[in-house]
Peer 1: 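Below is the structure I would like to discuss, written out as structure tokens.
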Amino acid sequence: MENTIIWESPSNIALIKYWGKMGEQLPCNPSLSMSLKASVSRFELSYSLKKEGDKDLVYLFEGKENNAFEEKLSRFIASLSNDLPCLGRYRLKILSSNTFPHSAGIASSASAMSALALCLCSMQEAIDEMEMPRDFFLQKASRIARLGSGSASRSVFGQYAIWGEVEGQTESSNYFAIPFKENIHPVFQELQDTILMIDSSPKKVSSTAGHGLMKNHPYADARFHQARLNMADLLLVLEEGDFDKFARIVENEALSLHGLMMSSNPSYTLLKPNTLTAIDRIKAFRDANQLPLCFTLDAGPNIHLLYPKADEKVIQNFIQEELLELLEDGKYIQDGMGNGPTRIK
Ligand code: DP6
């Protein structure tokens with residue numbers, strides 16, 4: 001008999017960046033992210049008892065074979081036998097798809113690995129015929145997602161999530177993410193994120209390789225210290241509602257991330273000329289109009305433009321009039337804060 005579990009899980013955008021890891025996928029500094037709503041991965045996991053000669057895993061991405069990712073998933077799933085003892089006895093079939101285009105430059109590892117972790121934890125529950133307490137289930141899923149991709153640990157939760165130990169946040173951990181729910185000011189409760197597609201070509205240096213370059217980075221210690229200070233400040237700002245302070249911290253994190261890439265050995269750049277032109281225009285528009293608007297960047301050239309729901313109209317006009325011409329085929333994705341993963345089946 002074959003059983004099927006389906007989860008949809010979102011991508012997230014880090015406001016305090018995870019950049020540099022140690023040990024078994026543990027972060028060198030804590031990070032904080034906002035879960036997205038529209039940029040989602042869907043994972044359909046079917047399992048049946050293994051018979052002799054069966055392949056352990058069959059994987060299809062949007063209906064097509066993807067051998068490289070199938071192998072990566074196979075290795076990852078095989079490494080989870082202690083956490084999920086049921087896995088060895090079953091053959092798995094995984095079908096996955098994304099709501100965002102493959103070439104959109106949106107990191108799909110966070111949404112994919114969190115969706116997979118949730119499916120695997122639900123499978124363990126079904127086989128054990130016992131539901132885990134909800135908090136425990138999410139913590140376990142976040143820990144497993146982290147092992148697949150660090151940033152995926154945060155996608156298990158909606159709204160804001162923290163991964164890594166933070167002073168004063170007694171539940172926080174390097175092993176899994178936790179939701180950050182403390183009195184978020186209304187201005188940050190329905191934050192919009194317009195993802196401006198500057199360039200969707202594949203990255204020259206993967207995030208995993210970038211993390212590796214933090215090992216001997218001359219500014220590593222200063223960076224990890226900076227992230228902790230920015231985290232402490234941002235947690236207060238999220239409660240106070242001061243958008244200017246929010247913008248200062250979030251933009252400092254984004255540019256520090258790219259500064260670290262430019263100053264690592266070997267050094268590299270992921271920003272494009274149009275990224276910088278767009279940043280100049282965003283700052284000029286903000287200064288001229290005194291509007292709550294700021295940018296952040298992933299490990300790539302595309303810009304996440306963040307602003308409150310209340311200012312959507314005027315900022316959409318600004319995008320059309322001043323930013324569209326800088327975008328690849330005029331493309332952008334309208335997204336915003338989401339409420340986390342959903343179990344479909
Ligand atoms: C710049 O989570 O993709 O997006 O753990 O090696 O899979 P791995 O790296 P990944 O790194 C994300 C880096 C970042 C910042 C962030 O999301 O915090």
Side-chain angles (χ1 to χ4, degrees), residues 9-36 39 41 68-69 72-73 75-76 79 98 100 104-117 142-157 160-166 172 174-178 180 193 195 202-215 217 223-224 226-228 230-231 234 249-262 264 268-271 275 295-304 306 335:
S9 190
S11 185
N12 69 70
I13 178 68
L15 305 178
I16 303 291
K17 309 291 181 184
Y18 146 55
W19 201 241
K21 50 174 138 177
M22 54 189 184
E24 202 187 1
Q25 283 276 103
L26 299 172
C28 292
N29 66 261
S31 57
L32 181 146
S33 63
M34 174 176 99
S35 279
L36 298 178
S39 304
S41 290
F69 201 60
K72 189 178 163 176
L73 287 184
R75 258 182 282 128
F76 174 55
S79 74
N98 296 334
F100 46 93
I106 296 181
S108 59
S109 66
S111 51
M113 286 302 173
S114 55
L116 173 64
S142 175
R143 193 166 50 75
I144 288 172
R146 176 200 110 233
L147 293 168
S149 177
S151 53
S153 64
R154 301 181 308 236
S155 274
V156 167
F157 302 100
Y160 296 102
I162 294 173
W163 170 40
E165 283 167 21
V166 177
S172 64
N174 284 344
Y175 292 86
F176 48 82
I178 57 165
F180 179 69
D193 180 359
I195 307 166
K203 279 188 268 184
K204 291 174 289 195
V205 180
S206 71
S207 286
T208 304
H211 286 291
L213 290 172
M214 285 305 285
K215 286 243 155 66
H217 199 292
R223 161 59 195 159
F224 304 142
Q226 174 198 39
R228 284 193 177 84
N230 277 343
M231 172 69 88
L234 186 65
I249 298 166
V250 167
E251 293 181 358
N252 176 256
E253 279 291 308
L255 294 179
S256 292
L257 169 71
H258 284 267
L260 290 165
M261 298 172 195
M262 291 186 224
S264 56
Y268 64 106
T269 51
L270 296 180
L271 298 179
T275 314
F295 69 86
T296 186
L297 302 155
D298 241 331
N302 303 316
I303 293 180
H304 288 248
L306 306 175
D335 213 326

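For ligands, and for the atoms within them, numbers begin at 1 and follow the listed sequence. For clarity, every value in this text was computed on a predicted model and none was experimentally measured.
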Peer 1: Please find the pair of heavy atoms, one from Ser111 and one from Ser11, that lie closest to each other, and give the distance.
Peer 2: CB-N, 3.5 Å
Peer 1: Hey, what do you get for CD1 (Ile178) to OG (Ser153), rounding to the nearest 0.5 Å?
Peer 2: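 The CD1 atom of Ile178 sits 11.0 Å away from the OG atom of Ser153.
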Peer 1: Would you say Arg154 and ligand 1 have an N/O pair spaced under 3.5 Å apart?
Peer 2: yes
Peer 1: Using a 4.0 Å heavy-atom cut-off, say whether Leu257 meets ligand 1 through its side chain, its backbone, both or neither.
Peer 2: side chain
Peer 1: Show the atoms of ligand 1 that are less than 4.0 angstrom away from any heavy atom in Ala14.
Peer 2: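 Heavy-atom distances to Ala14 below 4.0 Å select 16 (C), 17 (O), 18 (O).
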Peer 1: Can you find an N or O of Asp298 that's nearer than 3.5 Å to an N or O of ligand 1?
Peer 2: yes
Peer 1: Taking distance alone, with no angle check, do Ser31 and ligand 1 share an N/O pair under 3.5 Å?
Peer 2: no
Peer 1: Any atoms of ligand 1 less than 4.0 Å from a non-hydrogen atom of Ser109? List them with their elements.
Peer 2: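 Within the 4.0 Å cut-off of Ser109, ligand 1 contributes 3 (O).
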Peer 1: Within a distance under 4.0 Å of any heavy atom of Gly150, pick out the atoms of ligand 1 and give their elements.
Peer 2: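 In order of numbering, the contacting atoms are 2 (O), 5 (O), 7 (O), 8 (P).
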Peer 1: Once the angle between the rings of Trp19 and His211 is folded into 0 to 90°, is it parallel (under 30°), tilted (30 to 60°) or perpendicular (over 60°)?
Peer 2: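 Tilted.
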Peer 1: In Å, rounded to the nearest 0.5 Å, how long is the span from CG of Leu270 to OH of Tyr268?
Peer 2: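 Reported to 0.5 Å precision, the distance equals 5.5 Å.
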Peer 1: Any nitrogen or oxygen of Ile16 lying under 3.5 Å from a nitrogen or oxygen in ligand 1? Just yes or no.
Peer 2: no
Peer 1: Applying a heavy-atom cut-off of 4.0 Å, say which part of Ser151 lies close to ligand 1: side chain, backbone, both or neither.
Peer 2: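 Looking at Ser151 and ligand 1, atoms from backbone and side chain both fall under 4.0 Å.
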Peer 1: Roughly how far apart are Leu116 CG and Ser149 OG, rounded to 0.5 Å?
Peer 2: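 So the gap between those two atoms works out to 11.5 Å.
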Peer 1: Between atom CZ of Phe157 and atom OG of Ser33, what is the distance when rounded to the nearest 0.5 Å?
Peer 2: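 Between atom CZ of Phe157 and atom OG of Ser33 there are 10.5 Å.
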Peer 1: If I compare all heavy atoms of Ser9 with all of Ser155, which pair ends up nearest, and what's the gap?
Peer 2: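 That closest heavy-atom pairing would be OG-O, 3.6 Å.
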Peer 1: Check Phe76 against Leu147 and note the closest heavy-atom contact, atom names and distance.
Peer 2: CE1-C, 3.6 Å
Peer 1: How does Arg146 reach ligand 1, if at all, at less than 4.0 Å between non-hydrogen atoms: by side chain, backbone, both, or neither?
Peer 2: neither
Peer 1: Below 3.5 Å, N or O to N or O, backbone or side chain included: is there any such pair between Trp19 and ligand 1?
Peer 2: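 By distance alone, the answer is no.
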Peer 1: Can you tell me how far CG of Leu73 sits from CE of Met113, rounded to the nearest 0.5 angstrom?
Peer 2: 5.0 Å
Peer 1: Using a 4.0 Å cut-off to any heavy atom of Lys21, which atoms of ligand 1 qualify?
Peer 2: 5 (O), 6 (O), 8 (P)
Peer 1: Pull out every atom of ligand 1 sitting under 4.0 Å from any heavy atom of Ser207, numbered as shown with elements.
Peer 2: 3 (O), 11 (O)
Peer 1: Could you see which bit of Ser149 sits under 4.0 Å from ligand 1, with heavy atoms only: side chain, backbone, both or neither?
Peer 2: both
